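Computed from a predicted model, the values in this text were never measured in an experiment.
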Amino acid sequence: RFVVPEHSHFKFLFNSRNEANIGELINIALTDLEEANREKLYSEDGAGIFQNIDFNSSKLGEPKDKNTRLKNLLLDFNDEKLDLRPSHLDGNDIIGGAYMFLIERFASDAGKKAGEFFTPKEVSTLIAKLTKSKPGSRICDPTCGSASLLIKAGEEVGSDNFSLYGQEANGSTWALAVMNMFLHGFDDATIRWGDTIRNPKLKEGDALMKFDTVVANPPFSLDKWGKVEDKEGDKTTVSFDPETDQYGRFWRGVPPKSKGDWAFITHMIETAYEGTGKVGVVVPHGVLFRGASEGKIRKKVIEENLLEAVIGLPANLFYGTGIPAAIMIFNKGKEDNTDVLFIDSSKHYDSAKNQNKLNDKHIDHIVDTYRKFNRGELKAGIVEDKFSYVATFEEIEENDFNLNIPRYVDTFEEEPEVDIAAVQKEIEKLEGELKEVQSEMEKYLTELMD
């Protein structure tokens, strides 16, 4: 799969573990490994996947401490108990799974930045099942992060007959995604580095590439996502303007410059195949009801009969934010059915120490409800009390195209009836007891003063 120069091989580095410049030797090994595999390990712009990795960095400690750390690292990986040869691993996806586990562990400690590169595996599984792709599908994530969601979407196909495409704006995260693909055996995956909105890289000729399935967990309400003006002296040039987007993605309207949610959604819709394409996207709840330009875009999308389902998720589910989010499913093959399924699963979760979790039962409940609706088995009206509702286009129109889930799924819990007479008797009883206590206190105070 890869060309490995002699000095890039682990055996060479292990035999050099006592060298004073071992950190530099590891850096050279990685650089030359990239160079020997340019087509696989370099971006279109000539950046290697190891560009931000430095084993000779002072952050690893003083030279003596750094060399001891690196020597121990090489010793650990040379341990017979850590035999990573494919023949020893018996073909199982152990390394890919371990890599995903490490990314998740890192995400749990990374605070707000974690949401930029990792989608919780339970959410990835849910979206993959909701948008389940058929064999032969092209699957894309235009904001792929470390590619955990994209990989889940591929694995859900149930065969090896699919192709994966992704784009990521952050260079370090792009490198994580490329490595993730190789470690999971998806050598043919196409992962590009760049800003999906301003500089989409997944193209065929001059047109945007089309996909059977598009999934994403874009950055929530991204600020300054749009127009780019470059000033040089007195001259100002515009390198990107959504008003005149060459790919025609914003014909329904341009989202506000301080909230890029609908920019990502409309990009995803435009890159899904006409008549068959499906889109699954994680959004903050504001996307469902905010007005102005966002409201106009939302109205047009609904009038086009693209929206299929809105699913409310529990709070504190995502890394880096405690706010509840929702999943929107768009289907370019809805045909004559103009109904929309609403699900409120905000109360369905397992409470954990740092963040809430969805278990298999919660995921299956949502997916089963959606699939029944998708097959036409659920008609307009309440599907499941306090959980799901099928709304007609007319109902949504009456609500001025507001998709706020409580407008459709009634989760109001009735308060138990209060026996006023019994409460009054209890109050009178307590007042009597209070008088007795006050009388006793006065008696003791009098005795103390005497």
Side-chain angles (χ1 to χ4, degrees), residues 1 40 86 89-97 99-100 119 121-168 177-192 201-204 207-217 267-282 306 308-309 311 327-335 337 341 360 363-364 366-377:
R1 296 168 67 194
K40 289 186 174 183
L89 297 178
D90 197 27
N92 292 325
D93 189 21
I94 293 174
I95 295 181
Y99 186 74
M100 198 84 87
T119 301
K121 60 184 178 182
E122 299 86 359
V123 178
S124 294
T125 299
L126 175 57
I127 296 174
K129 287 180 178 293
L130 291 169
T131 60
K132 185 175 174 62
S133 304
K134 297 176 181 178
S137 291
R138 275 180 171 183
I139 306 170
C140 175
D141 184 341
T143 61
C144 68
S146 57
S148 57
L149 171 55
L150 185 55
I151 288 172
K152 282 286 185 186
E155 291 174 340
E156 188 62 29
V157 173
S159 76
D160 295 330
N161 184 16
F162 59 86
S163 50
L164 299 179
Y165 299 81
Q167 184 165 338
E168 171 54 40
V178 174
M179 285 295 296
N180 211 358
M181 289 298 171
F182 285 131
L183 292 175
H184 279 85
F186 301 131
D187 289 25
D188 295 330
T190 301
I191 308 295
R192 298 288 183 238
K201 297 285 187 74
L202 299 171
K203 297 187 291 184
E204 289 177 318
L208 293 175
M209 189 178 285
K210 298 282 187 176
F211 305 97
D212 297 280
T213 309
V214 189
V215 294
N217 177 16
H267 170 88
M268 294 171 74
I269 290 173
E270 292 304 304
T271 56
Y273 278 124
E274 296 300 326
T276 58
K278 187 164 279 194
V279 171
V281 56
V282 180
L306 297 177
E308 188 166 58
I311 300 157
I327 295 173
M328 299 180 80
I329 304 294
F330 299 93
N331 187 350
K332 284 193 163 182
K334 277 186 73 179
E335 298 176 349
N337 180 15
L341 173 66
D360 291 344
I363 293 171
D364 290 344
I366 294 169
V367 173
D368 288 347
T369 303
Y370 168 75
R371 288 181 178 170
K372 286 177 182 176
F373 170 75
N374 197 245
R375 294 193 297 263
E377 296 173 15

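You'll find the side chain of Cys140 stays beyond 4.5 Å of the side chain of Thr271, heavy atoms only. Side-chain contact between Ile311 and Leu130: present, with at least one pair of heavy atoms (C-beta onward) separated by less than 4.5 Å. Proximity of Asp212 to Lys278: side-chain heavy atoms (C-beta onward) are nowhere separated by under 4.5 Å. Proximity of Ile269 to Lys332: side-chain heavy atoms (C-beta onward) are separated by under 4.5 Å at one or more points. Taking 4.5 Å as the limit, every side-chain heavy atom of Val214 sits out of range of all side-chain heavy atoms of Phe330. Between Leu202 and Pro142, the closest side-chain pair of non-hydrogen atoms is not below 4.5 Å. Val157 is listed as a side-chain neighbour of Ile139, based on a closest heavy-atom distance under 4.5 Å. With a 4.5 Å cut-off on side-chain heavy atoms, Glu308 and Asn374 count as touching.
Listed by chain and number, the residues in a side-chain contact (heavy atoms from CB on, under 4.5 Å) with Thr276 are Tyr273 (sequence neighbours excluded). Legend: residues meeting side-chain contact (heavy atoms from CB on, under 4.5 Å) with Asn161, ordered by chain and number and at least two apart, are Pro135, Ser159. Listed by chain and residue number, Arg1, Lys40 satisfy the salt bridge (Lys or Arg N to Asp or Glu O under 4.0 Å) test with Asp187 (two or more places apart in sequence, or in another chain). Residues forming a salt bridge (Lys or Arg N to Asp or Glu O under 4.0 Å) with Lys210 (at least two apart in sequence, or on another chain): none.
Between Ser137 atom OG and Leu164 atom CG the span is 10.5 Å, to the nearest 0.5 Å. Summarising the geometry, atom CE belonging to Met209 is positioned 8.0 Å from atom CZ belonging to Arg192; distances are rounded to the nearest 0.5 Å. With values rounded to the nearest 0.5 angstrom, Lys121 atom NZ is found 15.0 Å from Leu149 atom CG. Atom NZ of residue Lys334 and atom CD1 of residue Ile329 lie 12.0 Å apart, to the nearest 0.5 angstrom.
The list of salt bridge (Lys or Arg N to Asp or Glu O under 4.0 Å) pairs with a residue in residues 124-150, not counting sequence neighbours, reads Lys129-Glu156, Lys132-Glu156, Arg138-Glu204. Residue pairs meeting the ring-ring contact (aromatic ring centres under 6.0 Å, His included) criterion with at least one member in residues 126-157, sequence neighbours excluded, do not occur.
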Q: List the steps, then state whether side chain to side chain contact (heavy atoms under 4.5 Å, CB included) holds for Met100 with Ile151.
A: CA-CA 10 Å; Met100 198 84 87; Ile151 288 172; 4.2 Å; yes
(Q) Using side chain to side chain contact (heavy atoms under 4.5 Å, CB included), reason through Ile363 and Glu122 one step at a time and then give a plain yes or no. (A) CA-CA 8 Å; Ile363 293 171; Glu122 299 86 359; 4.3 Å; yes
Q. Stepwise, does the side chain to side chain contact (heavy atoms under 4.5 Å, CB included) test hold for Leu126 with Tyr370?
A. CA-CA 11 Å; Leu126 175 57; Tyr370 168 75; over 6 Å; no
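Put simply, the residue from Thr190, Leu150, Asp188 that forms a side chain to side chain contact (heavy atoms under 4.5 Å, CB included) with Met181 is Leu150.
A side-chain donor-acceptor contact under 3.5 Å links Glu168 to the backbone of Gly145.
Note on ring orientation: taking the six-membered ring where Trp is involved, the planes of Phe162 and Phe186 are perpendicular (angle over 60°, cut-offs 30° and 60°).
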